[in-house]
Every structure is written in structure tokens, then in C-alpha cells.
Amino acid sequence: MSGARGSKALGAYALERLLNAVPLVLGVIVVNFLLVSLAPGDPVTALIGEYPAPPDYVERVRAQYGLDAALPERLLRYLGSVVRGDLGFSFANRQPVATLVIERLGRTLLLMLTTVVFATAVGIVLGVWAARRPHSAVDRGATGFALAGYSIPEFWLGQILILVFAVGLGWLPAGGFRSIRADYAGWAAVVDQVRHMVLPMLALSFRYMAITTRLTRASLLEVMNADYILASRARGLSERRVLWEHGLRAAALPIITVIGYNFGFIVAGSALVETVFGWPGVGRLMYDSIFTRDYPVLLGILLLVSVSVILVNLLTDVAYALFDPRVRY
Amino acid sequence: MSGRRGAAARGAHPGVPGGAGNRGVGEPEGVAARATDVPLGATPVLELRDVVTEIRGVRGLVRPVDGVSLTVRAGQVVGLVGESGSGKSMTAFSVMRLFPTKAARVTGGEILLRGGDGRVRDLRTLGPDALRAVRGREIGMIFQDPASYLNPVLTVGRQLEQQLQAHGLGQGADARIAELLTDVGLSPEVARRYAHELSGGQCQRVGIASALACRPALVVADEPTTALDVTIQAQVLRLLARLQRDQGVALLLITHDLGVVAEVCDHVYVMYAGRIVEEGPVEDLFARPRHPYTQGLLAGVLDLLEPKPIRVSIEGSVPDLVRPPSGCRFHPRCPHAMPICEREAPPLLPRDEGAALGHSACWLHDPGVVGAGVTVEPGREDGP
Amino acid sequence: MAVPVPAAARAAAVGGLAGFWRQFRRHRTGVFGLAVVVVLVLVAVFAPWLAPTDPFTTSRAALQPPGTPGHLLGTDHLGRDVLSGVIWGARVSLIVGLAAAFTATVIGILVGAVAGYFGGWADELLMRVTELFQIIPRFVLALIVVAFFGSGLVNLILVIGILSWPQTARLVRSQFLRHRTLPYVDGARVVGMRAWRIIFVEILPNVLAPVIVVASLDIAQAILLEASLGFFGLGDPNLRSWGGMLNTAQQYVRIAWWMSIFPGLAISLAVLGFNLVGDGLNEATDPRLREGA
Ligand SMILES: Nc1ncnc2c1ncn2[C@@H]1O[C@H](COP(=O)(O)OP(=O)(O)OP(=O)(O)O)[C@@H](O)[C@H]1O
Ligand code: SF4
Ligand SMILES: [Mg+2]
């Protein structure tokens, strides 16, 4: 019933979650399709963007998506092209949307992943710190920080960080992905990259730090009242081990869930922060596409992002099951 | 020892609710056998002296343990009985100064523990690290609800291993864990299981294994079988009694079940509203209870499991320990209450000449209060 | 009412507004949030009288720092008064926040009540839709819809409202699932009360407290979302909004810090205010917390 059972049944559980996700992915595609169909004016605009395109190109798009056909047939055609990995073509950029997005995806993921790691680590430390002495000055400070972090828009925080650390103190670059003029190599290039990343990451981290802090504090306070915590103290475990091996392990479950389920918000946040810092990722592409009215890019990103949120939620469920042996699979 | 073995064997059907009250009382052969069990003068392992524990609650200060003195001698099984809310669990928690709520604290008295090295220390004045070293090593604790006292996301083996490591016994932990699990009648394979994969009885066996893991001198068990199925209760109790005897460990057993006390315990303390009202060797105390509360319990007039509210004339509500009754705390319910009972708390008086048979806290035994010769026989009174 | 109501609801009614206020007052942060909200409302209502100038009036005094005579908080690149912009922006934020949260709450209640009360396939279907709405990133979807349909005030409200109801729906559903089996609902059914009456007259008032908590947190989120859209240049072009001000400020961060500081502070305070009120309401209405306090 142990060990071997784990991996095999977990696979089945993951598969079940995956099957559950299929209707959601279909739903997302349908929402995208409805957006195209319901957009005011000629639906072809949504597929091309408001970029002057030659009439024969317009006709080609019209034919490809069957825009003259009835709605159900159009949906099927749309589904077909999405399944083939065709997210549309950005006429403004003269590139397929998929290529355009994938090109920038790495940079966005770099920003998001470092943010998640950093924010979670700091948030857990702050939350533990606060929970150890509830209602102390430290606790009140951490709680206040969490409330502020929850309310400050990340794009404004980005501007403030630029004001203070780039304009005022001159410690860090105000934006961009790396120094363009200086031709760094090797270690210097890495340092340069990191220096460009610090401020956007901080701006994006604040909210997740706040959420993680609040959550860690709350769940730890609850967990530390559990009977098994008392029992582990009665067995002679030190407070340190009680906290880290028993308390945090149980508190980790809600933290995993929140990181996973907030993934969509991290995506939105990174779009805003990338715009503030001129970080050439998917978010910045979104911002630019609004001004060029490059709708296929926006729709492509929406589809991609929604599907990745579904995937991350799925991974969250599986991670939860891994962490909590009580989840029946 | 033969008597105890007999008791354990007879423990096959203890704890049947309702009928539990009087079973085992007045079984002469059992009484006679047990009297020789542990010499009365055996070294005390644990001695509580006037221990006071306070809880700062939202509704005021409560003293669930209010001057409790209690002795557990080497190899002895000592019972602690009393109604729900009388402070039994708080007494148990006070032994290790470890409470389920941060608001509780031992504020008075001495907690003398004789360690494995023979040194006697007052746990009340021990620093946090020294206290931690005592918990789980010198004293093992068994809780009421076994499943909730195991961490659901750690394996049983890991939790036992943590305990052994915490006391510097990490080397060869695996073998020791396997041995412990075997001792409590589980397969060593259980080490890899989680609490939710085990039955209540199995969980409590793990609890017993943990309590005995570091070969302590004393085990405190707070209603170890109450949460289990009736059929399982007997098995677990028998196991506990056998291990206690085999390992010569002293056991402080808190229970609702007078039948269990009669069968397993050498000595018994009766607690009421935060105080010890009577104590003595089980056979004598059960044969000749002297305190009206004990008499009521043994006569089945008072029920440990369904305590009736004390009748307080003014409010008519169940008094909790925020405002305990004055004088003898039992007086609102006592059929023999006298004027002095309301005014002054009775001292613990010897139950016999020389106090070999324990003490009882009742004004009825004070010749200065009542004329000599007044004795209350069990079963005579008609209850509250 | 002929049908007995659960004790908790009755107790709440007996406690009344005064009792509720006594509970709410204990949480200092909640009271602070309420103060912020009250100031925000006052500023929004009296904007025309409070603002020194029209927020759109340009002047030759461009990029003046705070403290310039006549421009307490300075001017932007077109010489528009920042203070006036911040004051008028309170109107936009408040209107969008309140109206969008109201829309979301109404939709959430309808969806949640139907799903929770009737159960079965209706529940199944509605919960799938709710899940879908929860998964699609709100900001990205709102962006596209506003880009397609225009960023007028009404559009903003509708889009934000329509994208924000899932949490309320889930909450209402779980409450209805619990209440529909209670004796007072059975009683109502036995006396032949119609379903919609049971839903809205009998059950709904009993589950409203947590809904209001979520609604006030929704206001905060709606204000934040509107500001984010504004920052992306998708605010109402005919109104001066905090998000829009930060959009223009972006290009001038290096030379005119006051263009970003003040609108951003305003957003943060407004969002904080509603968040704190929500927290305070939560603690004041949660019976579990109340007993402990
Ligand atoms: N967490 C707590 N906060 C405040 N008071 C408490 C708390 N726990 C216990 N008490 C008080 O301590 C008294 C004794 O409680 P205790 O748990 O020791 O009783 P008990 O004899 O073990 O009862 P039971 O048989 O129900 O386990 C209670 O009457 C109550 O007044
Ligand atoms: S002291 Fe008085 S009230 Fe208390 S038990 Fe004895 S007779 Fe009863
Ligand atoms: Mg107890």
C-alpha cells in the first residue's frame, strides 16, 4: 500500500485531472472564437488586426476561417486550426502569432519564475516570523506589509522603484533586458542580466510576497494548534523542528495551492511590469499589440495564457496530492 | 505480579458503558492478590506537590488544577478519575508543563521527577531545553484521540524516528522502530504508513510505541481507550498493562472507567473540580470509600460520564472553574453537607490510622466537626 | 415570518446595526479602511468644488513640480493640474468600482443560487462555466474585450463586472447547498412556497453577510483592474482616471516624479480602504471569530 502504490496511482490521478481539463481547454477555445465572432464590424478585422492589409490577403483569411459559412462550421474550422497549433498570423509583424509569442516566452518565464521563487521564499519567512509571536510588533509589521502589498498596483510600484533605485540612487538600470551598447560576455553578461532583472522582479514580487506572508501566517497559526503539534512537543522535539518539520509541512499545502491558482494573476502582473520596464516579453508584446490593433496577437496570447493556467492548476493538484498522502487517488 | 497478570487478562471486557461503574469492586481474590503487587514503600518516580495550574481565559482566570498532590511509585499503575472538566487532563499536561493552549501555565507547587539516572529534579524550575529533553524520553505521553495526535502528512516511522533523534537515539533508529512496532503488536511495515491508513486501534498502538520509545520511567496516559471502539478498548488496555508490567514502567492512567481502575490500577486518586478529594490503594478505596463523592460514584448514584450540573442556588447554571463553589467544592451536591462545608475547604485527612490507606478530604472525617463514630457506609445515601 | 429562521440569522437580526457596529469597531484596521472609503466618497461627490481647476485644462506651465502656486501637486506634460486629476479620478474609480462590483454580485448571486438550490445538471453546467471564468486571466480578457468594444465608462463597468462574479457564485452556491436542507426551507416548501420566493425571500437574506464581504473586496479588485486597463491606455478617453494618469506618467518618470507618485498613492489607498473594510466586515460577521473575541 505504500511506495510503489504511490507512483502508479498518482499517474492515474494525474490522468484523471488531465481529462477533467479537456472541457476547460475547449471552453477557452470557444470563448476565443466567440470574441472573434462577436467583435463589432467585420470579423475578419479580429483575425487580421486593424492594419491595412492587401485585399487578397483579407480574402485568404476569410476563406481559411470560413467566415462566410454558418457559425458551427466556423467554430469547427477555428478549432481545427487551433489544434494544429495555428494561433493566427500577425499581419502587422508579418509573423505567425505562435512564433512571435514563443520568441518572447522565455524572457517572460524567466521573470515569472524568479518572482515566484523569490516571493514565496520571502513570504514564507515573513509569515513564519509573524506567526511565531502573534500580535507582536513583528507580526503587526508583517500583517501591515501584507495588506499594503495586496493593495499597491505593481505597475505603480515599478515606477517608484525606477524613481528610487534607477533615477535617484542610480544603482540599477531603469529598464530593458540587457545593456545593448556594452558588449558583455561571460560572467559580466550574467551580472548585467541580473541587474536588469532586479527591479521588475521586485515590482512583480510584492503582491505574491504579501499573499504568501498572509497565508503562511494564517495557516501556520491554525496548524500550530493541532493536536499532533502538541504530540510532537510531547515527544521532545525542539520548537525549531516542530515548526519546520510539522508546522510548515502542513502549511505548505495551502501555499502550493495559492501559488498555483494565482498563476493567472502573475501573468497579468508581468504584462504590466514588463510594460513599465520595457522588458521585451509576452506582456510587452500585448501592450504593443493594443496600439497596433493587432488582434490576432492578443487572441493568441489569451488562448495560450488560459491553457497554461489550466496546466498550472493541474500541476498544482498533482503537487498537492504528492504532498498530502490523504488525497485519495 | 500474578495478580496484575490476572487483572490484565480479565481486562478483556472493561469499559462497557453503563455497567462499568461497579465492576471489579469487592472481588476479594483480586483485592488480596493486588495488595502484594508493589511494595508500598517503592521509590516515587513522580511526585506532584501542591501543583497549581492556571488558564488565563477570555472569561477570567481558571484554576483547573488547584493544589494537587499525587505520587506515582516505580512500577505502579496509578489511576486518576473524576468527572468531565474536573481537571484530569490539565493535571496530566502539568506533569510535562506542556499544554494545548498557550494561556495555561503551572503557577505553583513542585513537580518532582526521578530520572533514569536516579536524580530527582523539579520540572517546575527546569529550563526549556532541559524540559524538552525530559519530554518523550523520561516521560512518555499517550493521548485520547490517537489519530489526531499523529501528523497526517508524515509517516508513522518518520515521527518515531524524529523522537529518537530528538533524544540522541537516532543511530539504529530503524531497527528500534521495527522492534517497537512489533512490541505493540503491529507489523514493522506500519512504519511506512500514514495515520489515515491505520485504524483507531492501530493508531493508539503507535501512540503507545511512541510513549515507550525511549524507555521512560513514567508514562502518562490520558484516557487512552476512550476514543476507540468498545471491542478494541480491551485489547489496547491489555497491551498497555502488559507492556507496563514487562518494562516495569510507572503509569499514570487517567480514565472515566472505574472498572478499568479496579482491574489495572494499584492506587487511585479521585479528582473533583480541580482538587484531589480522595486517594488510596484501589482495593481498600473501592471497598470502603469514605468521601461522599467517591461513595456516590461507586454506588452508581453519580456518573463520571454524565456529570450532572452542580446545583448553584443563585444562577442555576453549571459552574465552571471560573467561580468554583466556596469551601468544599462538592457541597452543592453533597447529601451530607454541613454549614462548615460551605465556609471552609476540608483538608486531606488520613483514611486510617497511619495513613497507609490514603486520604480523604471531607469534614465528616474530622472528629472535631462531627462526633466520633459517624461513618457513612457506601450505598446508604440517596444521592443529590 | 411563519417559518422558523435559523438561530444564527435571528441572533444577527437581534444584534441589529448597532450590535454589528460594535463588532466592526473593534478592528482598528477596518475602521481605518472605512475612514479612507468615506474620504474617497466625499472627494468623488464634491470633486467639482474641491478641484482647483478642470482636470483637462491645459496650461503653458507644463511639468511644474509640486508646490507651484496654483498647482499644489504640480502639473503634467500638458500643464494639466495633477491635484485636479487625482480628485476627478476618484469619481471614475469609485463609479467603476461600485458599479462593477454590484454587477458581479448580482450575477454571482443568480448563478450561485440557481446552482446551489436546484443542484443537478444546472449546478454541473453553471459550475463548469464558473470554473472557466475563473481560469481565463481576467486582465487579458478584459483588455481584449475593451480593445474590441471600446473603453467607455459603461463598457468598463460591464466588462469588469462580467469577469468578476465567480467567487461570489461559488460562495452563494455553497451557502445554498447548506441552507436548502435546513428545516426552515423544508417548511417553506411544505407550505407550497414557490422556488424563487424561497431563494430570494427565505434563503438569500440569511447568506448575505459573507456575500457583502466578498462584494467589498470585489470593489477593491475592480478599482485595481480599471487602473490597470487605464495604465494600458484602455481607460475612458473622455475621463481623467488614475490609471490613465500613470500611463502618461510612464514617459516622464525620470523628470516628473509627481506625475506618478500621487495617482498611484490614490489607487493604493482606495484599494487598501476597500480591502480593509472587507476584512473588518469579515471579522465582524464571522460568528466563529465573534465568540472568540
Ligand atoms: N483551552 C482551555 N481554555 C480555558 N479553559 C480550559 C481549557 N481547557 C480546559 N479548560 C478548563 O479546565 C478545566 C479542566 O479541564 P480538563 O480538560 O482537565 O478536564 P478533564 O477532567 O480532563 O475532563 P474530560 O474528562 O472531559 O477530559 C475545564 O473545566 C475548563 O474549565
Ligand atoms: S466536606 Fe462537607 S460537603 Fe464536602 S464532601 Fe464532606 S460532607 Fe460533603
Ligand atoms: Mg480530559
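Throughout, a chain's letter reflects where its sequence line sits, starting with A, and its residues are numbered from 1.
Within the 4.5 angstrom heavy-atom criterion, only side-chain atoms of Ser210(B), from C-beta onward, approach chain A. Of the atoms belonging to Phe143(B), it is side-chain heavy atoms, and not backbone ones, that fall under 4.5 Å from chain A. Of the two parts of Phe93(B), only the side chain, counted from C-beta on, holds a non-hydrogen atom closer than 4.5 Å to a non-hydrogen atom of chain A.
Between the side chain of Gln159(B) and the main chain of Leu154(B), a donor-acceptor pair closer than 3.5 Å is present.
Listed options Arg235(A), Arg233(A), Glu245(A), Glu239(A) were ranked by heavy-atom pairs under 4.5 angstrom with chain B; first place goes to Arg235(A). Of the listed residues Ala195(B), Ala166(B), Pro152(B), the one with more heavy-atom pairs under 4.5 angstrom with chain A than any other is Pro152(B).
Closest non-hydrogen pair, Ala227(B) versus Pro146(B), comes out as CB-CD, 4.2 Å.
Look at Arg217(A) and Asp139(A) and you find a salt bridge, because one of the NZ, NE, NH1 or NH2 atoms lies within 4.0 Å of a carboxylate O, short of that distance.
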Trace of the salt bridge (Lys or Arg N to Asp or Glu O under 4.0 Å) decision for Arg63(B) with Glu54(B): CA-CA 5 Å; Arg63(B) 278 197 183 152; Glu54(B) 293 180 342; 2.9 Å; yes
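Annotation: Phe145(A) is in aromatic contact with Phe206(A) [ring centroid separation under 6.0 Å].
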